[in-house]
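Positions are given from 1, in the same order as the sequence printed here.
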Amino acid sequence: MEEYTQLTLDDWLAMKESLKRDLIGVQESFVRIGYTLRKIEEQKLYKNDGYETVTEFAKAEYGLSASTISRFMSINRKFSIDGYSDRLRPEYAQMGSSKLSEMLSLPDADMEMIRPEMPKADIRELKHFNKETPKPEAADSLEKLVWKFFEANAAIAKQLEQSEAYADGESEKMVEIVNPAGVKTFRAGLYYMAMYENDIQIKQFGQQPQKMSWAEFFAITKKIFESAEWHQRTQEEEHPKIEPQEKGETKPIAPAQIKKPESPVNTEAEPVLETPKKPEKETSQNAEQKKNEAPQSEEPRKPEEKVQSETEIAENGAESTQNATETAQTETEEQMPGQMNLPEDYPGTESIDVLGKTMQRKEYLDTLTAWGVADYLHKNLTAEILGNREGLYEWLKGKVDERGYGMEDVNVL
């Protein structure tokens with residue numbers, strides 16, 4: 001068994017710096033590849049080997065698809081120094097190729113919204129925001145945007161409002177409550193908001209992004225928290241209204257619970273999932289019992305009794321169906337990642353705070369036991385991702401929900 005040595009702090013920092021240099025080297029390779037392909041195309045060097053186009057050349061010689069070739073060249077054209085260099089511009093040096101690919105179709109002004117720590121899924125959501133027609137009534141002002149943010153993040157709002165940091169006006173500590181991960185995005189109405197550690201970028205639909213300080217954000221927050229409308233909303237959440245029952249009204253009966261007749265045919269029916277044919281068997285037994293008791297009474301069976309028995313059988317069937325449905329739903333809800341297929345409408349690339357609870361896959365793995373991590377990686381980590389260092393890095397930073405389901409696909413060039 002391999003022995004592990006204790007790292008010093010200097011060793012650990014040096015290891016992290018080495019990893020960072022290697023990752024930047026991988027990222028720089030994409031812009032160099034694009035630069036080389038552009039030179040081959042512009043000087044028609046592919047004809048030296050008898051090819052008609054650079055695409056034909058790169059596909060035959062290196063197995064690159066036409067879309068990959070185009071993406072390499074476009075990344076170089078848009079993100080290299082002076083638009084024609086084998087080096088990335090400094091502001092994009094820590095961006096992966098998959099993020100740069102997503103950013104290709106964004107307007108130049110929107111580049112201010114993007115920073116290395118923003119997940120690829122949020123870049124894609126910004127692209128959707130630019131294309132879709134917004135609903136102004138959801139948020140047509142910055143105050144309504146902040147209101148909607150806290151409305152969608154009620155737990156954060158409650159924690160912030162009750163914190164000492166809010167009472168003392170300590171901005172840095174309040175930022176840690178609102179944006180603990182260092183990056184958070186939110187979209188509502190006319191606005192798309194990207195929160196970072198030191199400031200906030202806000203884009204209004206059809207306009208250029210604007211920077212907002214955290215001091216401005218918390219000034220709006222204070223105005224909201226002190227408003228009568230917010231106080232009323234908080235009270236209604238903490239003390240929901242209970243509708244009074246009408247006079248003489250008995251205990252409510254759920255739709256699936258039908259009141260039993262006074263003389264039921266089956267008095268102790270077993271659960272359908274354990275003995276599916278039990279109700280039918282018991283009905284036959286009761287019928288046999290009544291047949292034996294028939295000679296003791298000359299009075300014919302009343303029509304009401306027949307109707308009552310048929311009603312009871314129908315009710316037993318309804319209850320059996322309801323129990324089976326509830327059991328199936330419970331079993332489905334308890335499935336873990338990798339044990340079931342997600343429904344078609346399960347969110348995949350929606351914005352973080354529009355959906356609800358999300359986290360980076362690395363953060364999700366930190367919540368698991370050693371066995372849980374091993375099981376999750378066994379089911380979800382493909383050989384393709386594992387064999388690509390940048391792809392693995394993006395996969396670990398990818399967004400998942402509280403059950404570990406991925407919110408984005410890793411785009412490996």
Side-chain angles (χ1 to χ4, degrees), residues 78-79 88-95 99-153 156-157 160 165-166 169-227 229-230 349-355 358 399:
K78 187 161 186 174
F79 301 113
L88 278 171
R89 285 154 57 183
E91 60 266 35
Y92 304 119
Q94 297 182 32
M95 296 274 191
K99 290 183 182 180
L100 294 176
S101 296
E102 290 289 346
M103 295 164 60
L104 284 172
S105 60
L106 284 175
D108 290 342
D110 283 4
M111 297 302 164
E112 299 177 15
M113 299 282 294
I114 312 300
R115 296 180 188 173
E117 58 266 36
M118 176 179 278
K120 184 176 68 174
D122 292 349
I123 300 174
R124 188 176 300 143
E125 183 64 22
L126 177 58
K127 292 163 61 178
H128 293 165
F129 171 78
N130 287 337
K131 296 177 181 178
E132 298 171 2
T133 303
K135 298 179 180 179
E137 63 274 10
D140 58 3
S141 67
L142 290 178
E143 184 172 336
K144 286 186 179 180
L145 173 67
V146 177
W147 176 291
K148 286 290 184 180
F149 171 79
F150 284 118
E151 190 174 54
N153 296 272
I156 292 178
L160 178 64
Y166 175 73
E170 299 182 29
S171 182
E172 291 185 2
K173 292 183 178 180
M174 288 192 286
V175 172
E176 293 177 0
I177 295 174
V178 175
N179 185 25
V183 57
K184 185 187 291 289
T185 61
F186 182 74
R187 170 185 172 184
L190 295 175
Y191 295 93
Y192 183 94
M193 176 169 62
M195 296 177 168
Y196 294 104
E197 184 176 351
N198 297 318
D199 57 26
I200 302 170
Q201 291 286 339
I202 297 178
K203 179 176 181 179
Q204 185 175 348
F205 184 78
Q207 299 185 18
Q208 294 188 1
Q210 300 292 328
K211 182 182 294 187
M212 172 187 282
S213 67
W214 279 106
E216 293 173 308
F217 179 86
F218 289 126
I220 297 175
T221 300
K222 183 177 181 181
K223 182 178 179 181
I224 291 173
F225 285 177
E226 292 178 353
S227 67
E229 293 83 358
W230 184 264
T349 57
E350 297 295 332
S351 179
I352 294 174
D353 292 291
V354 172
L355 292 176
T358 59
K399 293 296 180 180

Rounded distance [0.5 Å steps], [atom1] in [X] versus [atom2] in [Y]:
| X | Y | atom1 | atom2 | result |
| --- | --- | --- | --- | --- |
| Met174 | Glu172 | CE | CD | 10.5 Å |
| Asn179 | Asn153 | CG | CG | 10.5 Å |
| Arg187 | Phe205 | CZ | CZ | 9.0 Å |
| Gln201 | Thr185 | CD | OG1 | 13.0 Å |
| Ile224 | Phe150 | CD1 | CZ | 7.0 Å |
| Leu88 | Gln94 | CG | CD | 11.0 Å |

request  = Mind jotting down which residue pairs meet the salt bridge (Lys or Arg N to Asp or Glu O under 4.0 Å) criterion with at least one end in residues 204-226? Sequence neighbours excluded, please.
outcome  =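 Non-adjacent pairs meeting salt bridge (Lys or Arg N to Asp or Glu O under 4.0 Å): Glu143-Lys223, Asp199-Lys211.
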request  = Step by step, work out the side chain to side chain contact (heavy atoms under 4.5 Å, CB included) result for Leu142 and Phe217.
outcome  = CA-CA 9 Å; Leu142 290 178; Phe217 179 86; over 6 Å; no
For [X], does the [atom1] atom sit with more than 12 other heavy atoms under 6.0 Å from it, leaving out its own atoms?
| X | atom1 | value |
| --- | --- | --- |
| Glu197 | CD | no |
| Glu117 | CD | yes |
| Glu132 | CD | yes |

request  = Check the pair Glu102, Lys99 against salt bridge (Lys or Arg N to Asp or Glu O under 4.0 Å), reporting the backbone distance first and the verdict last.
outcome  = CA-CA 5 Å; Glu102 290 289 346; Lys99 290 183 182 180; over 6 Å; no
task = With side chain to side chain contact (heavy atoms under 4.5 Å, CB included) as the test, would you mind laying out the steps for Ile114 and Leu126 before giving the verdict?
result = CA-CA 10 Å; Ile114 312 300; Leu126 177 58; 3.9 Å; yes
message = For Ile200, run the side-chain contact (heavy atoms from CB on, under 4.5 Å) check against Gln210, Lys184, Met195 and tell me which one passes.
response =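 Of Gln210, Lys184, Met195, side-chain contact (heavy atoms from CB on, under 4.5 Å) with Ile200 is met by Met195 alone.
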Quick one: are [X] and [Y] in side-chain contact, heavy atoms under 4.5 Å?
| X | Y | result |
| --- | --- | --- |
| Leu145 | Met193 | yes |
| Val175 | Phe218 | yes |
| Ser105 | Asn130 | no |
| Trp214 | Thr221 | no |

Can you name the closest pair of heavy atoms from [X] and [Y] and give their distance?
| X | Y | answer |
| --- | --- | --- |
| Met103 | Tyr92 | CE-CE2, 3.8 Å |
| Phe186 | Ala152 | CE1-CB, 3.8 Å |
| Glu112 | Arg115 | O-NE, 4.5 Å |
| Pro134 | Gly189 | CB-O, 3.3 Å |
| Leu190 | Phe129 | O-CZ, 3.4 Å |

key: Aromatic ring pairing Phe225/Tyr166, orientation class (parallel under 30°, perpendicular over 60°, tilted between)   =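 Geometry flag for Tyr166 against Phe225: perpendicular rings.
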request  = Give the ring-plane orientation class for Trp147 versus Trp230, where under 30° counts as parallel, over 60° as perpendicular and anything between as tilted.
outcome  =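 Judged by the thresholds at 30° and 60°, the geometry between Trp147 and Trp230 is perpendicular.
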task = Would you mind checking if Lys148 and Glu151 are paired as a salt bridge, meaning a charged N to carboxylate O distance below 4.0 Å?
result = yes
inquiry  = Test side chain to side chain contact (heavy atoms under 4.5 Å, CB included) on Met95 and Ile123; report intermediate values, then the result.
reply    = CA-CA 12 Å; Met95 296 274 191; Ile123 300 174; 5.5 Å; no
ask   = Among all residues two or more places apart in sequence or in another chain, which pass the side chain to side chain donor-acceptor pair (under 3.5 Å) test with Lys144?
value = Asp140
query = Can you name the side chain to side chain donor-acceptor pair (under 3.5 Å) partners of Glu91, sequence neighbours left out?
reply = Arg89
ask   = Would a distance-only check, ignoring hydrogens and angles, find a side-chain to backbone donor-acceptor pair under 3.5 Å from Lys78 to Leu104?
value = yes
task = Determine yes or no for a side-chain-to-main-chain donor-acceptor pair under 3.5 angstrom, with Tyr196 supplying the side chain and Met113 the backbone.
result =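 Yes.
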